[in-house]
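Worksheet: one structure, shown below.
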Amino acid sequence: MLLEAYLEPHLRNALEQIGAAELVTPELEVPKIPEHGDLATTVALQLARPLRRPPRQIAEEIVRHLQLPSEDVAVEIAGPGFINFRFTADFFTRLLRQIADLGDTFGQLSIGKGKRANVEYVSANPTGPLHLGHGRNAALGDTIANLLTWCGYEVTREYYFNNAGNQMALLGKSIYARYRQLLGDEYPFPSDGYHGDYIWEIARGLVERYGDALREETEEHLAICRQEGETWCFAHIRQTLERMGIWHDIYFNEDSLYRDGKVDAVLQALRERGLLYEQDGALWIALSRFGRQDRVLVKSTGEGTYRLPDIAYHRDKLERGYDLIVDVLGADHITTIEDVITAVGALGYDTSRIKVVLHQFVTLTEGGQQVKMSKRSGKSYTLDELLEELGPDVVRFFFLMRAPSTHLEFELELARQQTEVNPVFYLQYAHARICSIFRYASERGIVPDETADTRCLIHPSEQALIKLLVRFPERVRKAAQLYEPQLLAEYLREVAQAFHAFYHEHRIIGAETPEHMHARFVLARLTQRVLRNGLAILGIQAPERMERAAEPLLH
RNA sequence: GCGCCCGUAGCUCAGCGGGAUAGAGCAUCGGCCUUCUAAGCCGAGGGUCGCAGGUUCAAAUCCUGCCGGGCGCGCCA
């Protein structure tokens, strides 16, 4: 139960009585400063102009007509005309009791109930190992999918890839060239080929399996190289993702759109709407009618450009009946995706169901200096290397703690050297600490009373923690609806901080009375649950214990 | 030239569906372990919220222009 919902009808009522209901919406917000109460409204300030009266006077009139739902809430007028509401400590302790009874369902939302969502992310073509940008995309997409699941959506996680285009052909040629070189032939490497060590590795595999049987440069042999490359790359991509705790329900192959006639169908539909025209032997789509630029869909060679299957793909997703379609893409896709959505919209589809989450690029720094190459491999850093060095929790958290729209600087020294001051560990530590308290209790034969009365939790640090925990559902909702996981990460940090502060001020085991002990167990249990569920949404472990850093011996 | 994103403390960034004294982490300085994990807590210093206009009772937040940085703008994906 949200506090806002508790008060809003009464505020609305008061506004109606003074005849101002039409002029303003009865919005309530949480003041930044605790001294300003638990909720506040600025309606009186907003009404000052239309009513042509001083805001304070209006506030007084509203308050006079306000019938408060219970003795638990007090009202005051402050500053130029803010109306502040303050709930009693007793109210919050009883709220804690109610929320604790909800168990793991606390915070779960129903806004997506009965709805289906599709989240597409990673979607890297199998031409090489994943890099840092893919990592951010993967962490974001996976967390958004988790958030939507938490909101009640039935979520499909999808990976879209192309294994037929120029890029893949080039991969095959690169592998073939390395293969020939391994056989001792002088064979030129394609100028724009893939240079990574993995190409050598794949080629070595071919030598082992085929010997020199593929030496002759035929379409068939190149196809084997290409296929081998795809298999290898996909296996590694999936392994990397698995390391991050990521999997997909559907791997959607771009090529299938051609095979199933969906590309032709899209061309047909566009043609029927008069959106296609020929020029210079190519087929163009007239996006300029929608304030955009015309684009080639079919090249003069007869091949489609990538935009064509992209349009067919989005049409397909819309046809599959999802209520919500989320595309998680790097910033370089802006122009393309807008073209695609415009085209699909021109075909008469409701594109408001499509939500594009664009994230900016990632730069890796070490001590403030930009790192372009991995020290070990001498090549650009792969996601795998980062995972190996830092572990999945740190990597995921670093990718998630910034807003998708901002450029992300991944500071290696902070992530690596200062594992002890790392923001991830701060959250995990709070959880481990709570687990430790329950372990300690159990060892001493203390059984926490999960149904204990919590009304004695009236100290400021206890109240602050309760007030924060109450906000969990609303904060998750905001993160989900804005597709901004960093909001949840920030909230969890606040919870951890409030718990640590509470912990230092009060004892649980050894509290002043048994009543306090059991009430605090309830509070600790709820904190633990919020941290565990919140971390689970971010895809980060909530460890039950953490190693204590070895203390240096003092002499 | 056009489009999208960013410009907030020494550094990295929250806040930006307008609101009352602009926050966090790191870094710096000072306190706190004979009791449930000090990967912690408490405190201090540090900011013309890029600049200039505009809208508003109220602007870091909305609008316009400019400056600075990133990414796109292909019959590549």
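This structure is a prediction, so every number in the text was calculated from the model and none was measured. Numbered from 1 within each chain, the chains take letters A, B, ... in sequence-line order.
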Notebook entry, point to check: Is A:Thr335 touching bases, backbone alone, or none of the nucleic acid, heavy atoms closer than 4.0 Å?
Noted result: sugar-phosphate

Next item on the list: Any chance you could lay out the salt bridge (charged side-chain N to carboxylate O under 4.0 Å, His left out) test for A:Arg439 and A:Glu544, step after step, and finish with the verdict?
Entry: CA-CA 10 Å; A:Arg439 262 198 314 275; A:Glu544 304 221 332; 5.0 Å; no

Next item on the list: Carefully, step by step, assess A:Arg402 and A:Glu484 under the rule salt bridge (charged side-chain N to carboxylate O under 4.0 Å, His left out).
Entry: CA-CA 9 Å; A:Arg402 304 276 110 104; A:Glu484 300 202 349; over 6 Å; no

Notebook entry, point to check: If you check the A:Glu35 side chain, which of B:A14, B:U21, B:A77 turns out closest?
Noted result: B:U21

Next item on the list: Could you check A:Tyr306 against A:Phe361 and say which one's nearest nucleotide on RNA chain B is further toward the 5' end?
Entry: A:Phe361

Check: Can you tell which of A:Tyr121, A:Phe234, A:Phe252 makes a ring pair (Phe, Tyr, Trp, His ring centres under 6.0 Å) with A:Phe161?
Finding: A:Phe234

Check: Using centres under 5.5 Å plus planes under 30 degrees as the test, is A:Phe82 stacked with B:A20?
Finding: yes

Next item on the list: Please collect all salt bridge (Lys or Arg N to Asp or Glu O under 4.0 Å) contacts where either partner lies in residues 279-294 of chain A, sequence neighbours excluded, each pair once.
Entry: A:Arg292-A:Glu338, A:Arg292-A:Asp339

Next item on the list: Under 4.0 Å between any heavy atoms, over every strand shown, what does A:His359 touch: base, sugar-phosphate, or nothing? Just pick one.
Entry: nothing

Margin query: Measure NE2/A:His333 against P/B:C76 and give the value in whole Å, please.
Written below: 16 Å

Margin query: Using the side-chain heavy atoms of A:Asp280, tell me which of these nucleotides is nearest: B:C75, B:A77, B:G70.
Written below: B:C75

Check: Between the base of B:G19 and the side chain of A:Thr42, is there a donor-acceptor distance below 3.5 Å?
Finding: yes

Notebook entry, point to check: Base, sugar-phosphate, or nothing: which does A:Ala441 touch, judged by heavy atoms less than 4.0 Å apart?
Noted result: nothing

Margin query: With a 4.0 Å limit, can you tell me whether A:Thr406 has a side-chain N or O closer than that to the phosphate oxygens OP1/OP2 of B:A14?
Written below: yes

Note to self: What contact category does A:Glu278 fall into here, base, sugar-phosphate, or nothing, at under 4.0 angstrom with non-hydrogen atoms?
What the structure shows: nothing

Next item on the list: Have a look at A:Ala40 and say if it touches a base, only the backbone sugar-phosphate, or nothing, with a 4.0 Å heavy-atom cut-off.
Entry: base

Check: What nucleic acid atoms does A:Arg292 come within less than 4.0 Å of, heavy atoms only: base, sugar-phosphate, or nothing?
Finding: nothing

Item checked: Contact under 4.0 Å: A:Lys299 side-chain N or O vs B:C76 OP1/OP2 -> yes

Next item on the list: Provide, to the nearest angstrom, the distance between the CD atom belonging to A:Glu494 and the P atom belonging to B:G15.
Entry: 11 Å

Next item on the list: Could you check how far OH of A:Tyr440 sits from C1' of B:U35, rounded to whole Å?
Entry: 7 Å

Check: Can you tell me how far C1' of B:C5 sits from CG of A:Leu408, to the nearest Å?
Finding: 14 Å

Next item on the list: Starting from Watson-Crick (N1-N3 plus N6-O4 or O6-N4) and G-U wobble pairs under 3.5 Å, report the runs of at least three that RNA chain B belongs to.
Entry: B:1-7 with B:67-73, B:10-13 with B:23-26, B:28-32 with B:40-44, B:50-54 with B:62-66

Check: Starting at the 5' end of RNA chain B, which residue's closest nucleotide do you reach first, A:Cys435 or A:Lys478?
Finding: A:Lys478

Item checked: A:Arg52 atom CZ, neighbour heavy-atom count above 12 within 6.0 Å -> no

Margin query: Please report the distance separating the C1' of B:G40 from the corresponding atom of B:A77, rounded so that it comes out in whole Å.
Written below: 49 Å

Check: Think A:Lys32 has a side-chain N or O under 4.0 angstrom from the OP1 or OP2 of B:A22?
Finding: no

Next item on the list: Using a cut-off of strictly less than 4.0 Å, decide whether A:Gln46 has a side-chain nitrogen or oxygen near OP1 or OP2 of B:G19.
Entry: no

Check: What nucleotide, of B:A77, B:U21, B:G40, holds the atom closest to the side chain of A:Ile33?
Finding: B:U21

Item checked: Presence of donor-acceptor pair under 3.5 Å, side chain of A:Asn84 and base of B:A20 -> yes

Notebook entry, point to check: Just checking A:Leu358: base, sugar-phosphate only, or nothing, at a heavy-atom cut-off of under 4.0 Å?
Noted result: nothing

Check: Does A:Arg525 make a cation-pi contact with A:Phe438 (under 6.0 Å, within 45 degrees of the axis)?
Finding: yes

Item checked: Out of B:A77, B:A39, B:C75, whichever nucleotide has its closest atom nearest the side chain of A:Gln167 -> B:A77

Item checked: A:Lys317 bridged to A:Asp327 by N-O distance under 4.0 Å -> yes

Notebook entry, point to check: Which nucleotide, B:C73, B:C76, B:G15, lies nearest any side-chain atom of A:Glu484?
Noted result: B:G15

Check: Rounding to a whole Å, what distance do you find between A:Asp310:CG and B:A77:P?
Finding: 10 Å

Note to self: Quick check: any donor-acceptor pair below 3.5 Å linking the side-chain of A:Ser405 to the base of B:C5?
What the structure shows: no

Next item on the list: Specify the separation, in whole Å, of atom CD of A:Glu505 and atom P of B:G43.
Entry: 11 Å

Check: So which nucleotide from B:G74, B:A20, B:A77 ends up closest to the side chain of A:Gln293?
Finding: B:G74

Next item on the list: Calculate, to the nearest 0.5 Å, the distance between atoms NE2 and CG belonging to A:His459 and A:Leu465 respectively.
Entry: 13.5 Å

Note to self: Nearest whole Å is fine: how far is B:C6 P from A:Gln486 CD?
What the structure shows: 12 Å

Check: Which way is the base of B:C33 turned, syn or anti, if we draw the line at 90° from 0?
Finding: syn

Check: Is there ring stacking between A:His36 and B:A20, where the centres must be under 5.5 angstrom apart and the planes under 30 degrees?
Finding: yes

Check: If you check every side-chain atom of A:Arg402, which of B:U12, B:A20, B:C73 has the closest atom?
Finding: B:U12

Next item on the list: Return the nearest nucleotide to the side chain of A:Tyr503; candidates are B:C36, B:G17, B:G19.
Entry: B:C36

Notebook entry, point to check: Between A:Lys262 and A:Asp316, is there a side-chain N and carboxylate O pair less than 4.0 Å apart?
Noted result: yes

Note to self: In this structure, how many angstroms lie between the P atom of B:C5 and the CD atom of A:Glu409, rounded?
What the structure shows: 22 Å

Check: Hey, are A:Glu254 and A:Arg307 close enough for a salt bridge, meaning a charged N less than 4.0 Å from a carboxylate O?
Finding: no

Checklist line | From B:A77, B:C73, B:A24, nucleotide with atom closest to A:Arg295 side chain | finding: B:C73

Check: Mind checking the C1' distance from B:C33 to B:A39? Whole angstroms is fine.
Finding: 15 Å

